[in-house]
Amino acid sequence: MTRKYMAEPFKIKVVEPIAMTTREQREEAIKRAGYNTFLLRSKECYIDLLTDSGTTAMSDNQWAGMMLGDEAYAGSVNFYQLEGAVQDLYGFKHVVPTHQGRGAENLLSQIAIKPGDYVPGNMYFTTTRAHQELNGANFVDIIIDEAHDSASEHPFKGNVDLNKVKALIEKVGAEKIAYICLAVTVNLAGGQPVSMQNMKELRALTQPLGIKIMFDATRCVENAFFIKEREAAYADKSIREIVKEMFSYGDGATMSGKKDCLVNIGGFLAMNDDMLYQKATQLVVLYEGMPSYGGLAGRDMEAMARGMYESVDYYYIKHRVEQVRYLGERLEEAGVPIVKPIGGHAVFLDARRFLPHIDQDQFPAQALAANLYVEGGVRSMERGIISAGRDKQGNNYHPKLELVRLTIPRRVYTYAHMDVVADSVIELYKQRDSIKGLEMIYEPPVLRFFTARFQPLV
Ligand code: PM9
């Protein structure tokens, strides 16, 4: 089959050999890992699509910046580079670096949440909700219903349902809402964007009531690309202009720099409010370090500042999103059930439709991820009942979406690798009836998906 696609907008200067394994070795490895792909060693994986977090290939420009690390304990040159990049590209006034996204989530949750408060969000994210709940908040899902339907073709499945927000305000009162957590390119919905129109409307609804909007900015550039593609008024705007406008509808953001800032480690909390910033500087010294480094080396802040500028390049982000789409379209053509529309950072397999013979309490997505690893050495991640965890009463959440995420690292793999992945998934789909469910034999109390262990049901 010949296919036209955009070739990589970069040349390869350094290579990293990847491991070739036999089926027998992979069967042994997954057993040792308790059928949890998080517990595999990276050298046991041929194509590693566990996550796009921190797995980016940095550019020569970023590596050059690493040599300009100013490792002063306080007031590093690189902090001011990072602060300048956030102000310039995202428009927020204050920046507190953190070691990664959840460091920022910890600070924000401690500063802004009082026990009994509500934090509405457009679908939960694992670490984000865990920090909110740890600080006594009740998370309320305000995403549109289409987001929970893997087959819905809605172009902005990350959108907030304004009626759900209005109903919550009416029920609990605006003063009980700590802030709205607005994720752009919603990870667990399948990498689905939020429209600019929706952001504007949410702002217009909540600002007069004094309710703050705090973005989860983690995949903001992917969201901007979808806005350019799908919202007519933005077709001629640059990615940079779109990103800046998106953030003008919020009061601050948590950021995992390990995704759209194109670095292997780093994050930050940003905000406009002076008092909130002062509180963040008081807390960051306890958990991360001085407000001018927040758990990062100077060189890491430099790489992140440079990555932020690279990420808003049109050809970079076009290639990224189209490469993900290529993989999704190959699977779709073969009849493999996936979340539609194809998302920004990953293709999500719909385990409910892939394995209809396995009950959700027997962890179909986890079983599918384990079997895909054995089939082709492709490492993926469960995003279903295990990731969703338990409610405050200890009952398992049963999310509508029971998914396996094939997450594409940035600037790492080629289209040939996408073909290998597609072939492995299609082969497994042909043998889907032979896949069996799993039983959980070790469950940690929080964020269980990282370290839980399983065994196959006989
Ligand atoms: N996301 C991911 O693989 C890595 C950890 S969970 C397996 O998708 C959002 C939307 C994220 C995210 C991390 C974080 C936390 C916040 N928001 O991992 O702490 O996708 O930098 O960021 C992961 P950190």
Side-chain angles (χ1 to χ4, degrees), residues 36-40 42 48-56 96-109 119 121-134 139 141 143 147 158 181-194 214-223 252-270 287-288 294-296 300 303-304 307 324 339 343-348 365-366 369 379-384 386-389 401 403-410 412 444 446-452:
N36 184 348
T37 52
F38 276 99
L39 302 179
L40 290 165
S42 68
D48 196 349
L49 306 188
L50 183 69
T51 178
D52 61 333
S53 181
T55 51
T56 299
V96 180
T98 56
H99 72 284
Q100 59 184 77
R102 69 199 74 179
E105 289 167 354
N106 174 34
L107 299 182
L108 177 65
S109 302
V119 179
N122 50 344
M123 201 169 267
Y124 85 98
F125 184 71
T126 52
T127 59
T128 322
R129 188 182 64 191
H131 279 293
Q132 291 160 356
E133 289 180 346
L134 209 60
F139 172 82
D141 190 3
I143 204 164
C181 178
L182 182 64
V184 275
T185 316
V186 181
N187 190 353
L188 297 191
Q192 305 295 334
V194 182
M214 300 301 287
F215 279 94
D216 180 338
T218 298
R219 295 182 180 86
C220 59
V221 183
E222 290 166 8
N223 201 98
T254 54
M255 174 54 122
S256 169
K258 300 169 74 173
K259 286 82 164 175
D260 272 357
C261 298
L262 300 176
V263 285
N264 306 122
I265 195 72
F268 55 82
L269 174 62
Y287 290 100
E288 308 273 338
L296 292 174
D300 293 325
M304 186 151 61
V324 175
V339 173
H345 66 306
V347 175
F348 289 72
Q366 188 78 21
R379 171 152 71 167
S380 59
M381 183 193 291
E382 187 263 7
R383 298 275 75 167
I386 314 273
S387 296
L401 297 177
L403 310 174
V404 170
R405 193 181 68 175
L406 302 166
T407 336
I408 314 302
R410 294 168 181 78
V412 170
V446 283
L447 298 175
R448 61 186 182 181
F449 58 93
F450 283 124
T451 53

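All ligand and atom numbering here is 1-based and tracks the order in the structure.
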> Parallel, tilted or perpendicular: which describes the rings of Phe449 and Phe38, with under 30° parallel and over 60° perpendicular?
Replying inline: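 Phe449 vs Phe38 ring planes: tilted.
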> Heavy atom under 4.0 Å from ligand 1: found in Arg405's side chain, backbone, both, or neither?
Replying inline: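 Just the side chain.
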> Side chain or backbone of Arg102 under 4.0 Å from ligand 1, or both, or neither, by non-hydrogen atoms?
Replying inline: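 It is both backbone and side chain that touch ligand 1.
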Looking only at heavy atoms, what is the nearest atom pair of [X] and [Y], with distance?
X      : Y      : value
Met123 : Asp141 : N-OD1, 3.1 Å
Asn264 : Lys258 : O-CE, 3.5 Å
Thr55  : Val412 : O-CG2, 3.2 Å
Cys261 : Phe268 : SG-CE2, 4.4 Å
Pro444 : Thr451 : CG-OG1, 3.2 Å
Tyr287 : Leu107 : CD1-CD2, 4.4 Å

Do me a favour and list the nearest non-hydrogen protein atom to [atom] with residue, atom name and distance?
atom                    : result
atom 13 (C) of ligand 1 : Lys259 NZ, 2.7 Å
atom 7 (C) of ligand 1  : Met381 CE, 3.5 Å
atom 16 (C) of ligand 1 : Glu105 OE2, 3.1 Å
atom 21 (O) of ligand 1 : Ser256 OG, 2.6 Å
atom 15 (C) of ligand 1 : Thr127 OG1, 3.5 Å

Check ligand 1 against [X] and write out every atom of the ligand that is under 4.0 Å from a heavy-atom position of the residue.
X      : value
Phe125 : 1 (N), 6 (S), 9 (C), 11 (C), 12 (C), 13 (C), 14 (C), 16 (C), 17 (N), 20 (O), 23 (C)
Gly101 : 19 (O), 21 (O), 22 (O), 24 (P)
Thr218 : 9 (C), 16 (C), 17 (N)
Thr51  : 2 (C), 3 (O)
Lys258 : 21 (O)

>> Any atom of ligand 1 sitting under 4.0 Å from a heavy atom of Arg219?
In response: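 It does, in that a heavy atom of Arg219 comes within the 4.0 Å cut-off of ligand 1.
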> Once you round to the nearest 0.5 Å, how far does CE of Met381 lie from OG of Ser387?
Replying inline: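 Result: 7.5 Å between the selected atoms.
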>> Asn187 versus ligand 1: do any nitrogen or oxygen atoms come within less than 3.5 Å of each other?
In response: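 By distance alone, the answer is yes.
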>> Check this for me - ligand 1, Gln100, N or O atoms closer than 3.5 angstrom, yes or no?
In response: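 By distance alone, the answer is yes.
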> So is Arg102 actually on top of Phe125's ring, under 6.0 Å and inside 45° of the axis?
Replying inline: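 No, Arg102 does not lie over the aromatic ring of Phe125.
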> Are His345 and Asn187 linked by a side-chain donor-acceptor pair shorter than 3.5 Å?
Replying inline: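 Checked: His345/Asn187 side chains pair up, N/O donor to acceptor below 3.5 Å.
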> Where the closest heavy atom to atom 10 (C) of ligand 1 is concerned, which of Asp216, Thr126, Thr185 has it?
Replying inline: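 Of the listed residues, Asp216 has the closest heavy atom.
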